[in-house]
Every structure is written in structure tokens, then in C-alpha cells.
Amino acid sequence: MSYPLIVPFAALILTSFLFCRLGNDDNQFEISMANSGCEVHRFDPSIKSAHIQEGRHLWYHRLSIDWRDPNPAIAAHKLHSNTKKLGTILNEFGHQKIDVLKADVESAEWKILENLILEDVVEQIGQLVFEVHIHWPGFEVSGNDSTVVRYWYSLLRELELKDFRLFHTYKDLSKPQMFLKKEAFNASSCYTLSWVNTRWK
Ligand SMILES: *[C@@H]1O[C@H](CO)[C@@H](O)[C@H](O)[C@H]1NC(C)=O
Ligand SMILES: *[C@@H]1O[C@H](CO)[C@@H](O)[C@H](O)[C@H]1NC(C)=O
């Protein structure tokens, strides 16, 4: 799979696996971006140390993106403190902009997308490459099917209103053909959607 990328001066690529890392854990993309001189940060909660530098431009961090910061009381006990909002991570790293954000967060993408939109973090991102999962509503999304679909649609619509343009879609045929817990012929429960921020400067 290849993405028509604008070659960025400094790219922050986040690949965040919040829960299960289901196969397909291909880091060739990150490595080739780093080799071409982009600054690449990969977020993976399963690594052994807090920060590992793999090359001149490639870092691994024991962190994953969430749609909320940890409760301070819980963070004090160092439980779940590996998850943070993207806005918080950017502030801590001193980054204003991300050229490319690539995320596979195993169904947490809807709440994370909502958080990025509500906090205007999405405007700091040049290109979004998100794996979306539609076999169930996702974390903390409830309601009947039409409520869930309206919620998903409203997030995609918000991106459009912010002048994000969908430029590539990929249907993962290796995943079950499911839509909201029902079998759906010739559908996939997992798509990779890529948008470019046309207001990006
Ligand atoms: C789904 O839930 C919404 C909000 O609770 C309700 O207005 C709507 O009638 C429900 N639709 C169906 C098909 O049950
Ligand atoms: C399955 O979906 C693809 C689009 O994703 C379409 O091109 C193809 O014709 C469909 N196949 C069948 C058998 O409906």
C-alpha cells in the first residue's frame, strides 16, 4: 500500500496501538519515512523502555493516544499513565504541527477523532491516515445503530467542514465482513481512510 505523501520537512507519525496489536504490524512505512529524513515518532505501549531511539530520525515511545488524559489520582499510582491525549503529547514534545498522523487504535479512533476535533488539534495535522473499525460502535459510543451511524457521520462531516479532503480509501478484505455486529456482504469491518488538510501551510 502506498500513500501519495507530501514529503514533509519534519513529520510526526504516530502509530498507536491502544489495545490488541493484531498482526499487520508493519513498520516499513515509518522506517522509510525516517530514512528519507522525516522526524518519526512511533507510539507503542508494549515496548520495554519509555523512549527508544532507533535511528537518527526514528523514536519509539511507550505511550498511546487516548481521548482523555489519565485521572491524576490514577496517574499518581502509575496505572494507565501510558495513555494521553494527542494535544497533551504535542505540548510535552514541543511540537506545533504534525505533517502526517497515522493511527490504528483498534476502535478507539472515533472517540480520539472527536477529541482532536473538539480541541482543534486536528488543525495542527497535515494528513490523517486512520484505520476505522465499524464492526461495533467502538469504545464509549452507545445508542442504536442509527445513533451510532449519525455519530460517525458527524465526525467525518466535521473533518470535511474543516476542509479535510479524503484522498484515499483502502478496504481491508482480510477482516470480517461485519457492520455493527451484523454480517454484511462484500463489506469490511475495517477501512483505512486518508485525508489531506487543504488549509495546511
Ligand atoms: C434510535 O435512538 C434515537 C435516540 O434515542 C431515537 O430517536 C430513534 O427513534 C431510535 N431509532 C430506532 C430505529 O430505534
Ligand atoms: C465488492 O465491492 C467492491 C467495492 O469495494 C466492488 O468493486 C465489487 O464489485 C463488489 N463485489 C461484488 C461481488 O458485489
Side-chain angles (χ1 to χ4, degrees), residues 1-7 11 13-33 42 65-69 71 83 85-86 98-122 125-200:
M1 197 190 335
S2 67
Y3 300 104
L5 289 170
I6 301 161
V7 175
I13 297 176
L14 314 181
T15 306
S16 175
F17 298 91
L18 269 186
F19 298 94
C20 26
R21 293 206 295 151
L22 301 165
N24 238 339
D25 185 19
D26 182 2
N27 58 4
Q28 284 309 308
F29 177 69
E30 290 90 314
I31 291 171
S32 64
M33 291 293 279
R42 183 180 159 108
I65 322 176
D66 204 350
W67 58 92
R68 60 198 155 192
D69 281 331
N71 177 319
T83 65
K85 291 191 295 190
L86 182 63
I98 308 170
D99 293 273
V100 182
L101 172 70
K102 178 172 170 249
D104 173 8
V105 289
E106 303 296 352
S107 294
E109 63 275 1
W110 299 106
K111 291 297 287 182
I112 289 171
L113 195 53
E114 178 187 47
N115 169 257
L116 299 182
I117 291 167
L118 289 176
E119 295 189 354
D120 292 332
V121 175
V122 77
I125 301 168
Q127 292 180 40
L128 266 181
V129 182
F130 258 54
E131 200 165 289
V132 298
H133 301 86
I134 55 177
H135 56 296
W136 67 296
F139 298 97
E140 294 188 14
V141 179
S142 57
N144 58 33
D145 287 1
S146 51
T147 310
V148 172
V149 171
R150 273 172 203 277
Y151 171 72
W152 290 344
Y153 180 79
S154 71
L155 294 173
L156 302 177
R157 182 82 189 120
E158 277 306 312
L159 280 180
E160 293 234 309
L161 291 173
K162 289 180 180 295
D163 293 329
F164 276 71
R165 292 289 166 263
L166 190 68
F167 68 87
H168 187 263
T169 66
Y170 170 73
K171 176 166 138 185
D172 190 345
L173 291 169
S174 70
K175 297 286 167 69
Q177 300 193 349
M178 299 278 286
F179 179 74
L180 288 172
K181 299 182 180 163
K182 293 178 201 72
E183 280 195 30
F185 171 71
N186 202 26
S188 171
S189 55
C190 177
Y191 290 79
T192 304
L193 304 180
S194 305
W195 294 269
V196 61
N197 178 357
T198 62
R199 292 187 204 160
W200 185 248

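Because only heavy atoms are used, hydrogens play no part in the values below, and waters and symmetry mates are left out as well, while side chains stay in. Start at 1 and go down the list; that is how both ligands and their atoms are numbered.
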With atoms numbered from 1 as shown, which atoms in ligand 1 lie under 4.0 angstrom from a non-hydrogen atom of T147? 1 (C), 2 (O), 3 (C)
Could you tell me which non-hydrogen atom of T198 sits nearest to which non-hydrogen atom of D163, and how far apart they are? OG1-O, 2.7 Å
To check you understand the geometry: which heavy-atom pair defines the closest contact between W110 and L156, and what is its length? CZ3-CD2, 4.2 Å
Atom CZ of R150: over 12 foreign heavy atoms under 6.0 Å: no
Are the side chains of E158 and L155 in contact, using a 4.5 Å heavy-atom criterion? no
For ligand 1, is there an atom lying under 4.0 Å from some heavy atom of S146? yes
Among residues at least two apart in sequence or on other chains, which ones pass side-chain contact (heavy atoms from CB on, under 4.5 Å) with N144? S146, T147
So if I only count non-hydrogen atoms and take anything under 4.0 Å from ligand 2, which residues does that give, chain by chain? K171, F185, N186
Before accepting this row, confirm whether a basic side-chain N of the pair D145/K181 lies closer than 4.0 Å to the acidic partner's carboxylate O. no
Indicate the ring-plane relationship of W152 and F179, choosing parallel, tilted or perpendicular according to the 30° and 60° boundaries. perpendicular
